[in-house]
Amino acid sequence: MLMKKIVILIFIFLIYNLSFAKGNEISVKEYIKVGIGTGNTPITIGCDQKYYFVSNGRQAILSAGKTTVMPETNSAVIAGKRYSLPIKFISEKNCLLVNNKIYRGTITINFASGKTNIINELKFEDYLKGILPKEAVVSWNMEALKTQAVISRTYAAKNIGRHSKEGFDVCSTVHCQVYGGGSCENKRCNQAVYDTKGEVVLYKNALAQTLFHAACGGHTDDPKYVWGWKETPEYLKGRKDKYCKGNPHSNWTSEVDESFIRKKLIDAGYKVGTIKKISYSGKTTGKAAKTVTISHSKGKLTLNAYTFRLAVDAFKIKSTMFTSIKKSKNKFIFSGHGWGHKAGLCQWGAKAMGDKKISYKKILEYYYPGTNIGKISYGK
């Protein structure tokens, strides 16, 4: 009787764990298409061994070395011959040179949404190897790098298809994630990708939106203040961060010419004259400014603080967690805390936690409370 109960309990345990594992596994395509640029100017593609390209079912062999592709609307000229787009370049080495940068996988040139696009198609895990050195600091501790590997993998899987109208899944800029291809790969970052292979952050058995930024200034923020989200999942609501302190962005000051700010605002579509004063008001849950008001010779302009920051320069104005905005002759002096939009994970905070030997799983739990780590299964 006792043995029968034990067998039943073991059976229930196995069924529970099998269903749990299945519920925490997300299916994603094994290959991802990354837009790495537009081809309105000549594109140089090459390989150190024989490679080939395919256009409209026709295959052409190329000798080792470089070839120039002259893009035109819906077509391109290669070695004096015109070929219709898309054109796909392939090497047995699974590695190509594009405009003097190395990329794993294949390269396709297509025409969509009124422009010629250069697309790098490669394995999902290999894609991450080209992200980490661009989105993290390669010398940081391994726990911080593994944290970045998991959130970058999750973010990519969650946002795959953002550029489907252009014929690819994600772009290589900050709009998606900065991607540098094989040229930027780093041994430590690659190890972080290997060590966390397939791991993603889940919330209620779905991929979490793993937002991240450089430094929160001591308090993360709610995305509604940044992008106007109507609803914010619990794991992304602004919270105090005891680990983000003493980093290079804890306190910052930046001088910006009035003429520079004015030109940037005009370029962004705002009608402004000579700027006399810039002030900020309101406070988000993350202690950042809600709005910025520009008093100028033609009137006043009030913008969402984050919109103002992006319109002017996100590097010169590191965050909207202002402590002061002063004018000195023809310059405005901005002072504040942190760097970035402040929503989600704070990278400098994660680095500080890793320095204290806190595991990447605990770091993820700290910045995305209520989430858990699941796995990706790669399909076709």
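Just so it is clear, the model here is predicted, and its values are computed rather than measured.
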[X] atom [atom1], over 12 foreign heavy atoms within 6.0 Å:
X	atom1	result
Lys158	NZ	yes
Glu92	CD	no
Lys327	NZ	yes

Quick one about [Y] and [X] (side-chain donor to acceptor, distance below 3.5 Å, no hydrogens or angles considered), yes or no?
X	Y	value
Tyr127	Asn120	no
Thr293	Thr302	yes
Glu135	Tyr155	no
Gln177	Ser152	yes
Asn110	Glu166	no
Lys276	His296	no
Thr284	Asp221	yes
Ser335	Thr323	no
Asp222	Thr232	yes
His163	His175	yes

| said: Is there a salt bridge (charged side-chain N to carboxylate O under 4.0 Å, His left out) between Lys29 and Asp169? Walk through the geometry before answering. | reply: CA-CA 11 Å; Lys29 290 186 299 181; Asp169 295 310; 3.6 Å; yes
Do [X] and [Y] belong to the same hydrophobic cluster, where Ile, Leu, Val, Met, Phe, Trp and Tyr are linked whenever their side-chain heavy atoms lie under 4.5 Å apart, directly or via other members?
X	Y	answer
Tyr366	Trp348	no
Val174	Phe212	no
Tyr194	Leu364	no

Using modelled atom types only, decide if a donor and an acceptor are shared between the side chain of [X] and the backbone of [Y] within a distance under 3.5 Å.
X	Y	result
Ser91	Asn94	yes
Thr220	Arg239	yes
Ser172	Val178	no
Arg309	Ile317	yes
Arg104	Leu122	no
Ser297	Thr274	yes
Lys342	His219	yes

| message | Against the six-membered ring of Tyr225, is Lys283 placed for a cation-pi contact (under 6.0 Å from the centre, within 45° of the normal)? | response | no
| request: Using the ring of Trp339 (Phe, Tyr or Trp, six-membered ring only), decide whether Lys318 places NZ or CZ under 6.0 Å from its centre and within 45 degrees of its axis. | output: yes
Is it true that [X] and [Y] make a salt bridge, defined as a side-chain N closer than 4.0 Å to a carboxylate O?
X	Y	result
Glu199	Arg153	no
Arg82	Glu72	yes
Lys129	Asp126	yes

Give the minimum heavy-atom separation between [X] and [Y], together with the two atoms involved.
X	Y	result
Pro369	Tyr235	O-CB, 3.1 Å
Ala215	His249	CB-CB, 4.1 Å
Thr154	Ala208	CG2-O, 3.4 Å
Asn205	Ile26	O-CD1, 3.9 Å

| request: Find the distance between CZ (Phe111) and OG (Ser75) and round it off to the nearest 0.5 Å. | output: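 Nearest 0.5 Å value for the CZ-OG distance: 9.5 Å.
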| Please walk me through it: do Lys66 and Asn100 pass side chain to side chain donor-acceptor pair (under 3.5 Å)? | CA-CA 10 Å; Lys66 297 179 182 179; Asn100 295 318; 2.9 Å; yes
Is it the case that the ring center of [Y] lies less than 6.0 angstrom away from the ring center of [X]?
X	Y	answer
Tyr378	Phe124	yes
Phe53	Tyr83	yes
Tyr203	Tyr368	no

| query | Does any non-hydrogen side-chain atom of Ser250 lie less than 4.5 Å from one of His337? | reply |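 A side-chain contact is absent here, since even the closest heavy-atom pair is not under 4.5 Å.
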| query | Do Lys316 and Phe334 have side-chain heavy atoms sitting under 4.5 Å apart? | reply | no
| query | Do Thr147 and Leu345 pass the side chain to side chain contact (heavy atoms under 4.5 Å, CB included) test, and can you show the C-alpha distance, the side-chain angles, and the key distance before you say yes or no? | reply | CA-CA 10 Å; Thr147 297; Leu345 180 138; 3.6 Å; yes
